[in-house]
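Report on the following structure.
Ligands are counted one by one from 1 in listed order, and the atoms in each one are counted from 1 as well.
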Amino acid sequence: MGWAIGLHGGAGDIPLTLPAERRQLREAALRHCLGIGVDALKDKKAPLDVVELVVRELENNPHFNAGRGSVLTNEGTVEMEACIMDGNTRRCGAVSGLTTVVNAISLARLVMEKTPHIYLAFDGAEKFAREQGVETVDQSHFITPENIERLKQAKEANRVQLDYTQPIQNDVKKETPSADGDSQIGTVGCVAVDNDGNLAAATSTGGFVNKMVGRIGDTPIIGAGTYANNLCAVSATGKGEAIIRSTVARDVAALMEFKGLSLKEAAAYVVEESVPRGNVGLVAVSAKGEVTMPFNTTGMFRACATEDGYSEIGIWPSVQN
Ligand code: ASP
């Protein structure tokens, strides 16, 4: 049994024409974050600490849709959400509707550790953040020029979108990619297992461009976007409404638990059979130290490593990389 780690920076209709510099920027970020996670696992850090550490790093990177890079609501505001879960104890914490918290994932962990509850949202979550003394900033910190432009384009097209190219509500046809090709930013997540089979999962997001104020996606919902137990840890990305309907993360665990499927079989079944194409990707690790990263979208920003020396960083299906 060895350690393993998987992380993602969002799944969606990522065009193969994504300019090299944009691709390389995100691949470099994935490589950097993977390195941080691997070093932490080698240093025998607990998986819960590892996933929090890696997701914080991804949140601080403006090229992903979480923390600093969070996309904007239909009112031009940010509403960030996150979830963290420990496999063996099934303790978990989640937050939604954050507007000033720099690292939503750490607040989710504090909800888990410092309250009798699992999920805090909006004013209550912001108040709790202040009580706990976590780093907060003015909301303007999160409102990047790129995301103002993304919102403008989404409003012009009258759509709620995961990115510029992918319609959410009317799956009629693929739209033309944006002029600069930099449309693809995504939710972030990390799963990890140590040598003793301890598992943890964490996911963080700004949601969809032009989402309704108050909308909550799959990311903070235990069993939908995030789940971990004693068998596996899962972090999903894609269209939140579809992921919630299919209880994606919990279904992977349930197929292992009740049907005896392997991690790869369970994750592949959920991605291929339970969720309509173009809607989901996930990263998952098992207590045995396996890792899998299936998706049914065009691509998923992803990276993984295992103790036996396997490592992968990719965007599109492996054959095309
Ligand atoms: N699943 C996220 C949401 O629906 C979006 C994403 O994965 O990029 O909020």
Side-chain angles (χ1 to χ4, degrees), residues 6-14 26 30 55 58-59 61-74 77-83 94-98 104-105 108 119 121 142 146-147 150-151 154 159-169 171 182-191 201-227 234-250 270-271 274-276 278-284 293-302 315:
L7 52 117
H8 68 77
D13 190 5
I14 306 167
R26 292 184 177 96
L30 291 171
V55 168
L58 288 160
E59 285 176 338
N61 186 319
H63 301 297
F64 296 105
N65 174 17
R68 173 92 168 96
S70 290
V71 296
L72 307 182
T73 68
N74 59 357
T77 54
V78 287
E79 289 186 352
M80 298 169 282
E81 43 194 11
C83 179
V95 286
S96 280
L98 300 181
I105 199 66
Y119 195 168
F142 302 104
E146 292 79 13
N147 281 328
R150 286 187 175 99
L151 178 62
R159 275 205 316 266
V160 179
Q161 44 190 182
L162 182 57
D163 53 58
Y164 291 152
T165 63
Q166 198 166 48
I168 297 301
Q169 285 150 335
D171 272 323
D182 191 18
S183 59
Q184 309 298 328
I185 62 167
T187 292
V188 304
C190 182
V191 289
T203 318
S204 183
T205 190
F208 285 137
V209 182
N210 202 22
K211 68 181 181 182
M212 286 173 69
V213 163
R215 179 261 189 187
I216 291 171
D218 61 298
T219 297
I221 296 183
I222 315 295
T226 311
Y227 189 74
V234 183
S235 171
T237 171
K239 293 182 194 166
E241 285 68 11
I243 295 169
I244 293 169
R245 281 186 201 107
S246 295
T247 54
V248 163
R250 170 61 194 159
V270 171
V271 168
S274 318
V275 188
N279 282 270
V280 73
L282 63 85
V283 294
M293 306 190 290
F295 51 95
N296 69 17
T297 49
T298 309
M300 177 168 76
F301 294 101
R302 64 194 188 279
I315 301 174

Proximal ligand 1 atoms for [X], defined as those under 4.0 Å from one of its heavy atoms:
X    : result
F208 : 4 (O)
T237 : 6 (C), 7 (O), 8 (O)
T187 : 2 (C), 5 (C), 6 (C), 7 (O), 8 (O)
D218 : 1 (N), 2 (C), 3 (C), 4 (O)

Donor-acceptor contact below 3.5 Å, side chain N296 vs main chain N279: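 Pair found, side chain donor or acceptor close to backbone of N279.
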Backbone N/O of A82 and side chain of S204: donor-acceptor pair under 3.5 Å: no
Working for side-chain contact (heavy atoms from CB on, under 4.5 Å), residues S235 and H8: CA-CA 8 Å; S235 171; H8 68 77; 2.9 Å; yes
[X] N/O to ligand 1 N/O under 3.5 Å:
X    : answer
N65  : no
I243 : no
E241 : no

Side chain, backbone, both or neither: R215 near ligand 1, heavy atoms under 4.0 Å: side chain
Any G225 heavy atom less than 4.0 Å to ligand 1: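 No, G225 has no heavy atoms under 4.0 Å from ligand 1.
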Intermediate values then yes/no, side-chain contact (heavy atoms from CB on, under 4.5 Å), Y227 and I222: CA-CA 6 Å; Y227 189 74; I222 315 295; 4.0 Å; yes
From V95, T187, I216, residue fulfilling side chain to side chain contact (heavy atoms under 4.5 Å, CB included) relative to E81: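 That would be I216; it is the only one of V95, T187, I216 passing the side chain to side chain contact (heavy atoms under 4.5 Å, CB included) with E81.
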Flag side-chain contact, heavy atom, 4.5 Å: V248 against V280: yes
R245 atom CZ, neighbour heavy-atom count above 12 within 6.0 Å: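 Atom CZ in R245 is not crowded, with 12 or fewer foreign heavy atoms closer than 6.0 Å.
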